[in-house]
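Starting from 1, each residue takes its place in the sequence as its number.
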Amino acid sequence: MIGIGIYVKDSPGAAALYSAAFGLEMGYHVLNKDGTYFHSELHRNGEPFCSVVEAKEDTRTDRQPIELGVDFDSRDALEHAFACLSDGGQVNLDVCELPWSPCAAIVTDRYGVRWFLSLPQHKPADDWSPGQE
């Protein structure tokens, strides 16, 4: 299954729009201090549909705001895909642990497609927020 990450300005507005349009419910999410989404997960019928994240710049003029997400069964498989996709591409986030994934990476391939590679996700502590060590 491929997951969709959508990077936009006014992430709360976009999440509300997509929820209304597709019958989605907000799942796990983390707010930035300004009330925008650092990370959000929208679900339909209890299944992941997409995530909405606040973009640093206006994506309508910056780049495509879509990120394709792929979950892997092993770190080796993730690192293999990362090596293939980063060859001639750009590493946006090197292989690392994130609060919601024990191993993840972000890479834009040589064709301009942005990929979020991850081991199965998990929910971090309820008190986690962006910027925590």
Item to complete: Could I get the full list of salt bridge (Lys or Arg N to Asp or Glu O under 4.0 Å) partners for Asp87, not counting sequence neighbours?
Response: Arg110

Practice prompt. Report yes if some heavy atom in the side chain of Ser19 is under 4.5 Å from a heavy atom in the side chain of Leu42; otherwise report no.
Written response: yes

Discussion item. Thr36: which residues meet the side chain to side chain donor-acceptor pair (under 3.5 Å) condition with it, sequence neighbours left out?
Written reply: Asn32, Asp34

Practice prompt. Name all residues meeting the side chain to side chain donor-acceptor pair (under 3.5 Å) criterion together with Ser40; count only those two or more places apart in sequence or in a different chain, and write none if there are none.
Written response: none

Discussion item. Run the side chain to side chain contact (heavy atoms under 4.5 Å, CB included) test against Pro102 and tell me which residues pass, sequence neighbours left out.
Written reply: Leu119, His122

Worksheet item: Do Val95 and Cys103 come within less than 4.5 Å of each other through their side chains, counting heavy atoms only?
Response: yes

Item to complete: Kindly indicate, with the supporting measurements, whether the criterion side chain to side chain contact (heavy atoms under 4.5 Å, CB included) is fulfilled by Phe116 and Glu67.
Response: CA-CA 7 Å; Phe116 176 74; Glu67 173 181 271; 3.2 Å; yes

Would you list the atom pairs, donor with acceptor, under 3.5 Å between side chains in residues 74-82 and any protein atom, with sequence neighbours excluded?
from, atom 1, to, atom 2, distance (Å)
Ser74, OG, Ala77, N, 3.1
Arg75, NE, Glu79, OE2, 2.8
Arg75, NH2, Glu79, OE2, 3.4

Worksheet entry | Flag side-chain contact, heavy atom, 4.5 Å: Met26 against Tyr37 | yes

Discussion item. Just to verify, which of Val107, Val91, Ile106 counts as forming a side chain to side chain contact (heavy atoms under 4.5 Å, CB included) with Leu85?
Written reply: Val107

Practice prompt. Could you tell me which residues satisfy salt bridge (Lys or Arg N to Asp or Glu O under 4.0 Å) with Glu25, sequence neighbours excluded, listed by chain and number?
Written response: none

Fill in: Heavy-atom side-chain proximity of Val70 to Trp115 below 4.5 angstrom
yes

Worksheet entry | Which residues share a side chain to side chain donor-acceptor pair (under 3.5 Å) with His39, sequence neighbours left out | Glu41

Worksheet entry | Qualifying residues under side chain to side chain donor-acceptor pair (under 3.5 Å), relative to Ser118, sequence neighbours excluded | Ser101

Worksheet entry | Pi-cation contact, Tyr7 with Arg114 (under 6.0 Å, within 45°) | yes

Discussion item. Is it the case that the side chain of Lys9 and the backbone of Glu54 share a donor-acceptor pair, with hydrogens and angles ignored and the cut-off at 3.5 Å?
Written reply: no

Worksheet item: Taking only residues two or more places apart in sequence, or in another chain, which ones meet Leu17 in a side chain to side chain contact (heavy atoms under 4.5 Å, CB included)?
Response: none

Worksheet item: Do Val8 and Val52 come within less than 4.5 Å of each other through their side chains, counting heavy atoms only?
Response: yes

Discussion item. Could you measure the distance from the CD1 atom of Ile4 to the OG atom of Ser51? Nearest 0.5 Å is fine.
Written reply: 9.0 Å

